[in-house]
**Student:** 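Below you will find the structure I want to go over with you.
Basis for what follows: all heavy atoms, side chains included, without hydrogens, waters or symmetry-related copies. So that the names make sense, note that chain A is the first sequence line, chain B the second, and so on, each numbered from 1.
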Number of protein chains: 2
Amino acid sequence: MYSTDFTKRLLTYRLSLTHLKKVGLNDVYSHLLAGETSHSASLIRKDLSRLQVKGKRRGGYDIDTILQAINAYFGNKERDRIILAGMGNIGKAIIQNKDFEKHNIQIIASFDLNPAIQRKKFSIPVFPMEKCREIVVNYKIDVAILAVPAFSAQSVCDQLIQCGIRGILNFAPVNLKVPDNVYVSNVRLVDELQQVIYHTKQKRKHGEYS
Amino acid sequence: MYSTDFTKRLLTYRLSLTHLKKVGLNDVYSHLLAGETSHSASLIRKDLSRLQVKGKRRGGYDIDTILQAINAYFGNKERDRIILAGMGNIGKAIIQNKDFEKHNIQIIASFDLNPAIQRKKFSIPVFPMEKCREIVVNYKIDVAILAVPAFSAQSVCDQLIQCGIRGILNFAPVNLKVPDNVYVSNVRLVDELQQVIYHTKQKRKHGEYS
DNA sequence: TAGATTGTTAATCGATTAACAATC
DNA sequence: TAGATTGTTAATCGATTAACAATC
């Protein structure tokens with residue numbers, strides 16, 4: 001079982017490699033990828049060895065081979081289908097983002113408590129929460145994006161789990177309580193920004209150029 | 001110098017403590033906060049000791065004292081003012097999010113290359129990039145949110161830095177190249193989701209309930 | 001008092017890095 | 001060949017945890 005850090009790094013590698021490929025490269029040295037991703041060459045070699053990707057002793061690694069290995073690691077075969085709960089600002093921004101489709105992730109439906117929103121036309125159907133179980137079961141959905149206001153987040157989360165959801169990407173500023181068999185990851189926009197502000201100030205104080 | 005992990009945990013504590021306070025509590029035990037945040041009681045006590053917050057040997061910690069210490073750590077005095085580059089879906093979702101204001105972060109202006117967008121009415125003014133230096137200098141702005149499309153991310157990033165920006169919260173799926181004195185943090189929505197999907201599948205396979 | 005919790009020290013654990021032999 | 005890079009092992013580093021004395 002590899003760490004979540006490893007999994008995260010793989011996606012960073014993929015981003016850089018896709019870029020390098022577009023720019024015309026076929027091979028990378030570990031130290032080149034290091035410069036692109038701000039991970040050390042040593043760590044990259046270790047990660048690639050964990051992925052069982054073999055390089056050429058003096059010619060670096062074949063980019064396509066790495067990309068294939070990364071995609072295989074994430075299970076690139078079938079399209080992943082997920083649902084969205086909450087059609088507020090964040091929910092709308094998410095369904096308009098084409099990057100998910102590009103990576104074979106399809107948001108098949110959305111849920112919202114507000115009937116006015118249910119009646120509006122979006123690129124995906126919007127249902128009331130009552131429809132959730134039906135869709136999760138019929139389409140065998142495992143993962144949901146939770147983008148509802150903080151005050152209803154725990155309750156909607158509970159409902160999603162009740163319906164069979166086992167993985168949640170949560171945008172609400174709340175520490176969700178979930179059973180052990182449910183995986184939750186939080187995107188806390190305010191916290192992210194606060195951290196950038198904090199670390200920027202620190203850099204000013206202690207940085208090389210202060 | 002504390003780790004970025006420590007800084008991140010503090011914001012998680014704050015979220016839970018604010019919640020617990022609203023629910024009517026005045027004090028917390030380390031193990032209670034542990035249950036809320038999914039960090040160990042031991043780590044929480046260590047973090048609080050790093051923050052120089054003292055508890056009562058048998059009565060736990062005073063919530064307000066912790067909250068004050070956390071806010072002091074982040075420098076709660078003055079309001080932080082930042083700018084936004086890119087008024088696409090994500091940019092719009094961000095300026096509509098009231099949580100930033102709640103935490104004393106003010107987005108004072110936005111920039112977009114598209115003149116049509118510049119003319120639209122939003123809750124904050126939208127300028128062409130040429131105005132950037134003027135605003136960054138006049139208002140002494142350090143931090144920017146970068147929410148432009150991937151293809152222009154590096155170029156807009158370079159311009160921001162040119163104007164004096166030293167901290168960037170980047171939403172574009174790109175590994176930005178920046179000088180050493182600039183702090184960058186990335187929010188990769190697609191990657192976050194891909195990780196949730198991956199870990200959810202893994203839990204199915206290896207989890208307690210498989 | 002007995003029991004429970006803090007605060008801190010020492011031990012553990014795991015992730016990253018350094019180093020270098022293998023090899024193209 | 002000489003030089004450069006991989007692949008792996010051992011060393012380091014730091015973060016987390018365990019343990020427990022202090023104490024309310």
**Student:** 5' to 3' on DNA chain C, which nucleotides open and close the contacts with chain A (atom under 4.0 Å from a heavy atom)?
**Tutor:** C:dA15 to C:dC24
**Student:** With heavy atoms under 4.0 Å as the rule, sort A:Arg50 into base, sugar-phosphate or nothing.
**Tutor:** nothing
**Student:** Which is true for B:Lys54 with a 4.0 Å heavy-atom rule: it touches a base, it touches only sugar-phosphate, or it touches nothing?
**Tutor:** sugar-phosphate
**Student:** Kindly indicate whether the side chain of B:Pro173, heavy atoms from C-beta on, has any atom under 4.5 Å from the side chain of A:Asp99.
**Tutor:**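 They are in contact (side-chain heavy atoms under 4.5 Å apart), so the answer is yes.
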**Student:** Once you apply a heavy-atom cut-off of 4.0 Å, does B:Ser49 come out as touching a base, just sugar-phosphate, or nothing?
**Tutor:** sugar-phosphate
**Student:** Pick the closest DNA chain C nucleotide for A:Arg9 and for A:Arg57 by heavy atoms, then say which residue is nearer the 5' end.
**Tutor:**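 Taking each residue's closest nucleotide, the earlier one in sequence belongs to A:Arg9.
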**Student:** Show the nearest heavy-atom pair for residues A:Cys163 and A:Val137, with the distance to one decimal.
**Tutor:** O-CG2, 4.3 Å
**Student:** Measure across A:Val28 and A:Ile63 and return the closest heavy-atom pair with its distance rounded to 0.1 Å.
**Tutor:** CG2-CG1, 4.0 Å
**Student:** Starting at the 5' end of DNA chain D, which residue's closest nucleotide do you reach first, B:Lys56 or A:Gly60?
**Tutor:** A:Gly60
**Student:** Look at all strands and tell whether A:Gly59 reaches a base, only sugar-phosphate, or nothing, counting heavy atoms closer than 4.0 Å.
**Tutor:**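 Touches nothing.
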**Student:** Less than 4.5 Å apart, side chain to side chain, heavy atoms only: is that true for B:Ser185 and A:Glu192?
**Tutor:**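 Of all side-chain heavy-atom pairs linking A:Glu192 with B:Ser185, at least one is under 4.5 Å.
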**Student:** Need to verify one output field. Residue with the more 5' nearest nucleotide on DNA chain C, B:Lys46 or A:Ser42?
**Tutor:**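 With B:Lys46 and A:Ser42 compared, the 5'-side residue is B:Lys46.
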**Student:** How far apart are the closest heavy atoms of B:Leu160 and B:Ala85, and which atoms are they?
**Tutor:**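 That closest heavy-atom pairing would be CD1-CB, 4.3 Å.
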**Student:** What does the 5'-to-3' dot-bracket notation of DNA chain D look like when only Watson-Crick and G-U wobble pairs under 3.5 Å count, and pairs to other strands show as |?
**Tutor:** ..||||||||||||||||||||||
**Student:** Reckon A:Tyr61 touches a base, only the sugar-phosphate, or nothing at all at heavy-atom distances under 4.0 Å?
**Tutor:** sugar-phosphate
**Student:** Is it the case that B:Asn175 and A:Ser16 place a side-chain donor and acceptor less than 3.5 Å from each other?
**Tutor:** yes
**Student:** If you count heavy atoms of other groups shown closer than 6.0 angstrom to NZ of A:Lys8, is the number above 12?
**Tutor:**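 It does not: A:Lys8 NZ has 12 such atoms or fewer within range.
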**Student:** Would a 4.5 Å heavy-atom cut-off, applied to side chains only, mark B:Tyr29 and B:Tyr61 as touching?
**Tutor:** no
**Student:** Pairs in or reaching into residues 138-184 of chain A: which pass ring pair (Phe, Tyr, Trp, His ring centres under 6.0 Å), with residues at least two apart or in two chains?
**Tutor:** A:Tyr183-B:His199
